[in-house]
Amino acid sequence: MIVRVRIRFTDWEQSTVHRIRNFGEDLWRSFREDKHVEVDLEEIDRALDEIVYSVRRRFLKRSLSEVHRLLTVHFMENEMVIDTEFA
């Protein structure tokens with residue numbers, strides 16, 4: 001089963017599109033070799049206030065751990081909300 005993960009930046013103007021895209025590129029790099037997670041680089045290049053990726057349900061927890069690690073690295077851990085839904 002596939003889960004869609006949506007990372008919404010609550011005040012994207014404060015976060016700035018530049019920082020959101022930098023975070024997204026790091027997220028893509030983290031998962032580009034992982035067959036259980038799909039991050040679309042083109043979507044990241046168009047991102048304004050959210051980034052969405054797909055992950056197999058069994059690997060959801062592992063992927064969210066990486067998301068939180070990267071948010072901390074980018075000093076953005078308090079600027080977003082994460083939603084999940086089954087695709």
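For reference, positions follow the sequence shown, starting with 1.
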State whether the side chain of Arg57 and the backbone N or O of Val3 hold a donor-acceptor pair below 3.5 Å, judged by distance alone.
-> no

Can you tell me how far CD1 of Ile7 sits from OG1 of Thr84, rounded to the nearest 0.5 angstrom?
-> 11.5 Å

Mind listing the closest non-hydrogen atom pair of Arg4 and Ala87 along with its distance?
-> CG-CB, 4.4 Å

Out of curiosity, Phe75 CZ to Glu77 CD, how far, rounded to the nearest 0.5 Å?
-> 8.0 Å

Cluster link Ile2 to Phe31, ILVMFWY, side chain under 4.5 Å | no

side-chain contact (heavy atoms from CB on, under 4.5 Å) between Arg21 and Asp26, worked out = CA-CA 9 Å; Arg21 289 180 182 161; Asp26 282 350; over 6 Å; no

Is Val73 reachable from Phe9 through a run of hydrophobic residues whose side-chain heavy atoms are each under 4.5 Å from the next?
-> no

Is the number of heavy atoms from other residues, nucleotides or ligands under 6.0 Å of Glu42 CD greater than 12?
-> no

For residues Glu25 and Asn22, determine if any side-chain heavy atom of one lies less than 4.5 Å from a side-chain heavy atom of the other.
-> yes

With sequence neighbours excluded, what pairs up with Glu50 under the side chain to side chain contact (heavy atoms under 4.5 Å, CB included) test?
-> Arg6, Arg8, Val52

So Val37 and Arg62, side-chain contact (heavy atoms from CB on, under 4.5 Å) or not? Walk me through it.
-> CA-CA 10 Å; Val37 181; Arg62 187 181 307 164; over 6 Å; no

Reported CG-to-CZ distance for the pair Asp34 and Arg32, which is rounded to 0.5 angstrom = 12.5 Å

Rounded to the nearest 0.5 Å, the CG atom of Asp40 sits from the OH atom of Tyr53 at a distance of 14.5 Å

If every non-hydrogen atom of Ile20 is compared with every non-hydrogen atom of Ile51, which pair is closest and at what distance?
-> O-CD1, 3.6 Å

So which heavy atom on Gly24 is nearest to which on Ile44, and how close?
-> O-CD1, 3.0 Å

Spacing of Leu41 atom CG and Arg29 atom CZ [to the nearest 0.5 Å] = 9.0 Å

Establish whether Phe86 and Leu60 are linked, either directly or via other cluster members, by ILVMFWY side-chain heavy-atom contacts under 4.5 Å.
-> yes

Residues at least two apart in sequence or cross-chain that pass salt bridge (Lys or Arg N to Asp or Glu O under 4.0 Å) with Arg69, listed by chain then number, are Glu66

Nearest atoms (heavy-atom pairs only) where Val67 meets Phe23 | O-CE1, 4.0 Å

All side chain to side chain contact (heavy atoms under 4.5 Å, CB included) counterparts of Arg58, not counting sequence neighbours | none

Looking at CG of Asp45 and CH2 of Trp28, how far apart are the two atoms once the value is rounded to the nearest 0.5 Å?
-> 10.0 Å

Do Val55 and Met1 sit in the same hydrophobic cluster, where Ile, Leu, Val, Met, Phe, Trp and Tyr count as joined when their side-chain heavy atoms come under 4.5 Å apart?
-> yes

